2 protein chains.
Amino acid sequence: MNIGEVSERAGLPPKTIRYYEDIGLVRPLRSDNGYRAFRESDIHKLAFLGRARTLGFSIEDCRTLLGLYEDETRESAQVKSVAKEHLTAIDSKIAQLKSMRKTLSHLVEACQGDHRPDCPILEDLAKGS
Amino acid sequence: MNIGEVSERAGLPPKTIRYYEDIGLVRPLRSDNGYRAFRESDIHKLAFLGRARTLGFSIEDCRTLLGLYEDETRESAQVKSVAKEHLTAIDSKIAQLKSMRKTLSHLVEACQGDHRPDCPILEDLAKGS
DNA sequence: CTAAAGCTTCCAGTTGCGGGAAGCTCAAGA
DNA sequence: TCTTGAGCTTCCCGCAACTGGAAGCTTTAG
């Protein structure tokens, strides 16, 4: 199967698929004309990667997860460990964003937003809080 | 004042300060020896930038905000507009992360995390939800 | 006088692709 | 059969916002 059809079936842009081959996440065969020839297993892998990326896993995490997926001798504890670390990272990002959000929303509420130059937002940035 | 002292006073790494000069956010003078010579106003600007970055504003937003800060004829509505857009962006990032978090936490809870290979996390990635 | 610290510029790498150029292949219509 | 257009290939640049490191000059401390 050519990359265009694979792109639709896996839900990933052709550019992304080529990139994943570049970095060794998938290894499609090649036809005589030089075109990539994807097997069903490649499509399955690509869809797996797409979903892992949707959950926010880094490419390196995806590589690890894919490796575990294909390793019959894996221990689920290994998978859980990767997922838990990622969950922790997500939590700290959320916390950071919420902190920004809190400060920023206060400032936005305090700002009149009219034609006059006086602005609590700029004042806060200038003086620090 | 040299970059080292400015770095401490503004709370930004020297590399970052040089980068901000590169992209035209600050324009320190130069001493005869070629060293950057920062004025108080430069330090003030850098601290302003540091705080804006802490609130998650992009560099281009920072450039805009700094411009407004130095423009006596600004209207606070302009500042508020930039801040509100950023707030919206933060909100959607939070929403996206929470969505990831929700799915991922369910999966992590469902996974035994023991020595056996069976893993709901991998199963979900393989099949989609 | 020397060594270390601090400054300079420049270049490469990070993450995860996207855009676009140049060029080959293939499928369909006149 | 020829041609056109779509689809495929590789390659390299660019994004955001820096960080790290090399090579080399200046200043400072002992």
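The shown structure was predicted, so the numbers you read here are calculated from the model rather than taken from an experiment. The chains referred to below are lettered A, B, ... by the order of the sequence lines, with proteins before strands, and numbering in each begins at 1. Atoms considered below: every heavy atom in the structure, side chains included; atoms not considered: hydrogens, waters and symmetry mates.
When each of D:dC8, C:dG16, C:dT9 is scored by its nearest atom to the side-chain atoms of B:R18, the top-ranked nucleotide is C:dT9. In this structure, of C:dT8, D:dG21, D:dC11, it is D:dG21 that holds the atom nearest to the side chain of B:K15. Candidate nucleotides D:dT26, C:dT25, D:dA17 were compared by shortest atom distance to the side chain of B:Y35, and D:dT26 ranks first. Side chain of B:Y19, nearest nucleotide from C:dT9, D:dC18, C:dG20: D:dC18.
Side-chain N/O atoms of A:R53 include one lying less than 4.0 angstrom from OP1 or OP2 on C:dC17. A:S58 has no side-chain polar atom (N or O) that falls below the 4.0 Å cut-off from OP1 or OP2 of C:dT15. Distances shown here put a side-chain N or O of B:R30 below 4.0 Å from the OP1 or OP2 atom of C:dT9. Proximity of A:R36 to the phosphate of D:dC8: no side-chain N or O atom is located under 4.0 Å from OP1 or OP2.
Residue A:I3 contributes atom CD1, which lies 18 Å from atom P of C:dT25 at whole-angstrom precision. What separates CG of B:L29 from P of C:dT8 is a distance of 13 Å, to the nearest Å. Atom pair A:M1:CE and D:dC8:P shows a separation of 12 Å (rounding to whole Å applied). As a whole-Å value, the separation of A:D32 CG from C:dC26 C1' is 14 Å. Distance, B:D61 CG to D:dA16 C1': 13 Å, rounded to whole Å. In this entry the distance linking CZ of A:R63 with P of C:dC17 reads 12 Å, nearest Å. If you measure from atom CD of A:E5 to atom C1' of D:dC8, you get 14 Å, rounded to the nearest angstrom. Spacing between atom CG of B:D22 and atom C1' of D:dT19 amounts to 14 Å, rounded to whole angstrom units.
A residue-by-residue look at A:N33 and A:T16 shows that A:T16 has its nearest nucleotide of DNA chain C further toward the 5' end.
In this structure, B:Y20 reaches the sugar-phosphate backbone alone: every heavy-atom distance under 4.0 Å involves primed, P, OP1 or OP2 atoms, never a base. No contact: A:P14 has no heavy atom under 4.0 Å from any strand.
Here the side chains of B:L55 and A:L125 are in contact, with some heavy-atom distance below 4.5 Å. A heavy-atom distance below 4.5 Å is not found between the side chains of A:E72 and B:P117. Looking at heavy atoms from C-beta onward, B:R18 lies in side-chain contact with B:I3 at the 4.5 angstrom threshold. Under the 4.5 Å side-chain criterion, counting only non-hydrogen atoms from C-beta, A:E75 is not in contact with B:R116. No side-chain heavy atom of B:P14 sits less than 4.5 Å from a side-chain heavy atom of B:I17.
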